[in-house]
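Encoded as structure tokens, the structure appears first; notes follow it.
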Protein chains: 2
Amino acid sequence: MIRNLTEQDKEHLQEALVKSGQKVTPQREAVFTVLLAERDHPTVDEVFNRAREVMPGLSLATVYNCLETFVGCGLVRQVNHERESTRYCPNLAPHAHFRDKETGQVHDIELPPEVMKSLRSILPPGFDSEVIEISFLGRAQAKDTHSN
Amino acid sequence: MIRNLTEQDKEHLQEALVKSGQKVTPQREAVFTVLLAERDHPTVDEVFNRAREVMPGLSLATVYNCLETFVGCGLVRQVNHERESTRYCPNLAPHAHFRDKETGQVHDIELPPEVMKSLRSILPPGFDSEVIEISFLGRAQAKDTHSN
DNA sequence: TAATCAGTTAGAATGAGTCTAATCCGCAAG
DNA sequence: CTTGCGGATTAGACTCATTCTAACTGATTA
Ligand SMILES: [Mn+2]
Ligand SMILES: [Mn+2]
Ligand SMILES: [Zn+2]
Ligand SMILES: [Zn+2]
């Protein structure tokens, strides 16, 4: 695990950072690598602990900073469930989140455009929404090993 | 404002509490009254401040306790947006929440059963969800005085 | 009356997240 | 090369919503 970024991932990272006037740094690469390695919606602490394995001097503050930067330039999404610690998701496709009440795992749920449309359609006139968050809470049959 | 509970509201409160083995108390009545008076999704502090006007000795801890009790027996829903303070909503009909980015106000959005169904339909087999939370973020034309 | 027990209360504790101020470091000008 | 600059990193202090604790209240019961 924590295999390296592909060239494509590196370009993605660099482009998004540079486009918003920021730099690629070893810390940012390490944090981004962690996010792409296991798409299990880790918390800041989980990202921190995983990233430290490959960059021991990394600080928690920097992990917060990197993740904030990534959110700011659209590289990752924040995922909140009730009052739990914020989690991070590098899946840029429109999707909802399903949290397993038993395991706490968070799964991505694909969100077809037709459903998005039906959601937008329930807004009364005068309401304009940029962001729609959808989260399910329930139980998922543990039939996959790869957490996503 | 803070008009009294109707008989129907009192019964609703009493039934839900008794059904889950708890008692009607003056504090719980006061907090519930506040929630029904202005359906603007107040935070704990807002509930606290409004309820104190009519019951000056009320403590913040008790407001937390009452609200937790109400959530536990299904009288109100918690509403979270990102990491902001939790808000409370006594609207038991299925609905989504729309938060106005400008004003911070939270509005209820009716959720037709057909939309609920289309949402459930996007869950892959093996995923069973009891709770679906939908929240919009955007701007609402300020065309109504009654906050809802 | 005395015991019981849920509810209330003030204040301490928790902990995710934010802020601050010092340091680091890559790069460009001199 | 040195030096200066500015963004990035860092440790640790701080915030503040929420939770916890332990004492108290007050109604009900034995
Ligand atoms: Mn999965
Ligand atoms: Mn309204
Ligand atoms: Zn996701
Ligand atoms: Zn509501």
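Each chain gets a letter, A, B and so on, in the order its sequence line appears, and its residues count up from 1.
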Between P of D/dT18 and OH of B/Tyr64, the distance in whole Å: 4 Å
Between C/dA16 (P) and A/Glu84 (CD): distance, integer Å: 11 Å
Does A/Thr86 make a side-chain N or O approach to OP1 or OP2 of C/dG17 shorter than 4.0 Å? yes
Determine the contact category for B/Leu58: base if any of its heavy atoms lies under 4.0 Å from a base atom, sugar-phosphate if only primed atoms, P, OP1 or OP2 are that close, otherwise nothing. sugar-phosphate
Counting side-chain heavy atoms from CB outward, which of D/dT18, C/dT9, C/dA16 is closest to B/Ala61? C/dT9
For the pair A/Thr33 (side chain) and A/Glu29 (backbone), establish whether a donor and an acceptor sit closer than 3.5 Å, ignoring hydrogens and angles. yes
Answer with base, sugar-phosphate or nothing: what part of the nucleic acid does B/Thr43 contact at a heavy-atom distance below 4.0 Å? nothing
Do the rings of A/His97 and A/His41 sit parallel, tilted or perpendicular, given the 30° and 60° boundaries? perpendicular
B/Asp45 atom CG is separated from D/dA17 atom P, nearest whole Å, by 6 Å
Distance check: side-chain N/O of B/Arg28 vs OP1/OP2 of C/dG7, anything under 4.0 Å? yes
Please pick, from D/dA8, C/dT9, D/dT9, the nucleotide with the shortest atom-to-atom distance to any side-chain atom of A/Gln22. D/dA8
Flag, side chain of A/Asp100 to backbone of A/Ala140, donor-acceptor distance under 3.5 Å: yes
Find the distance B/Leu60:CG to C/dA12:P and express it as a whole number of Å. 15 Å
Say whether, by atom type as modelled, one donor and one acceptor occur between the side chain of A/Glu46 and the main chain of A/Thr43 under 3.5 angstrom. yes
Measuring to OP1 and OP2 of D/dT10, would you say a side-chain N or O of A/Thr62 lies under 4.0 angstrom away? yes
Checking A/Arg28 against A/Phe32: charged group under 6.0 Å from the ring centre and within 45 degrees of the axis? no
5′-ward residue of the pair B/Lys23/B/Ser59 relative to DNA chain C: B/Lys23
Rounded to whole Å, please give me the gap between CG in B/Leu67 and P in C/dG7. 15 Å
Interatomic distance where CG belongs to B/Asn65 and C1' belongs to D/dA22 [whole Å]: 14 Å
Just the rounded figure in Å: distance from C1' of C/dG17 to CZ of A/Arg83. 11 Å
D/dT9 phosphate, OP1 or OP2, under 4.0 Å from A/Thr25 side-chain N/O: yes
Rounded off to whole Å, could you give me the CZ-to-C1' distance for the B/Phe48 and D/dC16 pair? 15 Å
